[in-house]
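Beneath this line is the structure, given in structure tokens, with notes to follow.
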Amino acid sequence: MAIILNGKEISKERKAQMKIQVEQLRQKYGRPPHLAVVLVGDDPASLSYVRGKEKACLEVGIFNTTIRLSEQTSEKELLECIAELNENPLIDGILVQLPLPEQIREFVIINAISLEKDVDGFHPRNVAGLYLKQPCLYPCTPKGILTLLKSIPDFSLDGKKAVVIGRSNIVGLPTFKMLLDQNVTVSVAHSKTENLQELTQSADILVVAVGKPKFLKAEMVRPGVVVIDVGINRDPQTNKLCGDVDFEQVEPLASYITKVPGGVGPMTICSLMENTIEVFEKRVAKK
Ligand code: NAD
């Protein structure tokens with residue numbers, strides 16, 4: 001039976017520490033950090049993620065403004081909104097909830113967010129910073145995954161073999177680089193990978209970010225593996241939230257495993273709070 005890597009608990013503890021830190025910052029600088037979240041459209045999943053971020057801000061004491069724009073918003077209108085937020089000296093962090101409606105090009109919007117306010121860590125210069133080991137903001141989900149792995153007692157990442165399934169810009173690729181920087185030997189698998197099972201069976205650590213319910217099955221893992229399930233899906237049978245890992249099958253074989261919900265999701269939000277505090281401290285320190 002595996003030990004659960006409880007993202008909900010770990011994030012709760014870290015948020016309690018951040019609350020103290022934010023209060024100290026508020027006393028020192030006269031205001032708390034301020035995060036602006038922009039939501040375009042009414043996608044229910046995006047709406048629920050934004051609500052989660054608002055709740056976390058409230059818990060930590062970070063000031064939050066959510067700007068809701070209609071599904072029909074043009075790219076130009078969204079760029080204008082971002083320009084205003086970039087200019088506003090009282091806003092420290094900007095997050096545009098993805099995905100965006102099809103008339104808006106994501107890369108244009110990501111590039112438009114001021115580097116110093118890019119709490120998602122998606123700006124090309126933050127991405128370059130990650131790859132070149134220069135100071136940068138780490139993207140929230142991979143940062144949360146690393147925090148979870150580092151929470152395992154007496155577990156060194158040095159020399160471990162990891163397989164990351166998924167090569168997206170927001171999860172798979174940055175997770176690959178962040179694990180590599182921890183001296184992990186990392187393989188990245190994707191939709192065209194052949195003999196995936198052979199690869200996954202060799203892994204000490206599996207990070208699964210595929211977006212397919214219960215994709216990872218028992219026969220794909222070796223006993224003792226550490227499993228991080230990034231997926232957020234609806235189970236087609238029950239309509240309940242489920243991950244990319246078939247938890248019932250894999251959990252008995254794993255040494256540590258995350259659950260969905262309650263694993264990577266809360267850690268992503270926790271990393272966002274950390275990044276917001278980090279940008280605030282950099283901005284106020286500049287003045
Ligand atoms: P994506 O769709 O951009 O990427 C999916 C990846 O899976 C692709 O790189 C693709 O090559 C790979 N893939 C697809 N089919 C495969 C197969 N049969 N074998 C091997 N690889 C395959 O998705 P994403 O944005 O990286 O998100 C992945 C999942 O993680 C989604 O369920 C998403 O909702 C979730 N997610 C969760 C969080 C969180 O905070 N918990 C954050 C971001 C994304």
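Atoms within a ligand are numbered from 1 in the order they appear, just like the ligands themselves. Since the structure is predicted, the reported quantities are computational estimates derived from the model, not experimental observations.
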- Task: Report yes if some N/O of Ile232 lies less than 3.5 Å from some N/O of ligand 1; otherwise report no.
- Result: yes
- Proximal ligand 1 atoms for Asn233, defined as those under 4.0 Å from one of its heavy atoms: 32 (O)
- Message: Could you tell me if the side chain of Met18 sits less than 4.5 Å from the side chain of Lys15, heavy atoms only?
- Response: yes
- Nearest non-hydrogen protein atom to atom 2 (O) of ligand 1, with distance, is Val210 O, 4.5 Å
- Task: Distance to 0.1 Å, residue and atom name: give those for the protein heavy atom nearest to atom 25 (O) of ligand 1.
- Result: Ile170 CD1, 3.6 Å
- Query: Which atoms of ligand 1 have any heavy atom of Ile165 under 4.0 Å away?
  - Reply: 20 (C), 21 (N)
- Item | Heavy atom of the protein closest to atom 19 (N) of ligand 1 (residue, atom name, distance) | Phe215 CZ, 3.4 Å
- Between atom OG1 of Thr65 and atom CG of Asn88, what is the distance when rounded to the nearest 0.5 Å? 8.5 Å
- Item | Ionic contact status for Lys240 with Asp235, cut-off 4.0 Å | no
- Query: Is it true that Lys282 and Asp92 make a salt bridge, defined as a side-chain N closer than 4.0 Å to a carboxylate O?
  - Reply: no
- Determine whether the side chains of Glu23 and Gln27 contain a donor N or O and an acceptor N or O closer than 3.5 Å. yes
- So, does Gly265 sit close enough to ligand 1 that a heavy atom of it is under 4.0 Å from the ligand? yes
- Note on the structure: In terms of heavy-atom contacts, Met267 and Thr147 come closest through CE-CG2, 3.5 Å
- Task: Name the closest protein heavy atom to atom 20 (C) of ligand 1, giving the residue it belongs to and the distance to 0.1 Å.
- Result: His190 O, 3.1 Å
- Task: Write out the residue and atom name of the closest protein heavy atom to atom 8 (C) of ligand 1, then the distance separating them to 0.1 Å.
- Result: Arg167 N, 4.0 Å
- Query: Contact between Thr193 and ligand 1, counting heavy atoms under 4.0 Å?
  - Reply: no
- Query: In the protein, what heavy atom is nearest to atom 40 (O) of ligand 1, and what distance, to one decimal place, separates them?
  - Reply: Thr268 OG1, 2.7 Å
- Above 12 or not: heavy atoms from other molecules or residues under 6.0 Å from NZ of Lys161? no
- Message: Please list the nearest protein heavy atom to atom 10 (C) of ligand 1 with its residue and the distance rounded to 0.1 Å.
- Response: Ser191 N, 4.0 Å
- Query: With backbone taken as N, CA, C and O and side chain as the heavy atoms from C-beta onward, which portion of Val171 lies under 4.0 Å from ligand 1: side chain, backbone, both, or neither?
  - Reply: side chain
- Query: Does Val230 approach ligand 1 within less than 4.0 angstrom via side chain, backbone, both or neither, non-hydrogen atoms only?
  - Reply: both
- Check whether any heavy atom of Met267 sits under 4.0 Å from an atom of ligand 1. no
- Message: Any heavy-atom pair between the side chains of Asn275 and Lys143 that's under 4.5 Å?
- Response: yes
- Task: Kindly say whether His123 contributes a backbone atom to a donor-acceptor pair with the side chain of Asp118 at under 3.5 angstrom?
- Result: yes
- Query: Do Asp244 and ligand 1 have an N or O pair less than 3.5 Å apart?
  - Reply: no
- Donor-acceptor under 3.5 Å (Glu75 side chain, Arg105 main chain): yes
- Taking the side chain as every heavy atom from C-beta outward, state whether Val22 and Ile277 have any pair of such atoms under 4.5 Å apart. yes
- Which of the listed options, Gly211, Gly231, Ala209, holds the heavy atom that is closest to atom 6 (C) of ligand 1? Ala209
- Using heavy-atom distances, let me know which of Pro139, Cys242, Ser168 sits nearest atom 24 (P) of ligand 1. Ser168
- Would a 4.0 Å cut-off, counted as strictly less than, catch a protein heavy atom around atom 15 (N) of ligand 1? yes
- Query: If every non-hydrogen atom of Leu199 is compared with every non-hydrogen atom of Val163, which pair is closest and at what distance?
  - Reply: O-CG2, 3.7 Å
- Message: With nothing but distance in play, are any N or O atoms of Lys212 less than 3.5 Å from an N or O of ligand 1?
- Response: yes
- Task: Do me a favour and list the nearest non-hydrogen protein atom to atom 42 (C) of ligand 1 with residue, atom name and distance?
- Result: Thr141 OG1, 3.3 Å
- Query: When you look at CD of Glu84, are more than 12 heavy atoms from neighbouring residues, nucleotides or ligands closer to it than 6.0 Å?
  - Reply: no
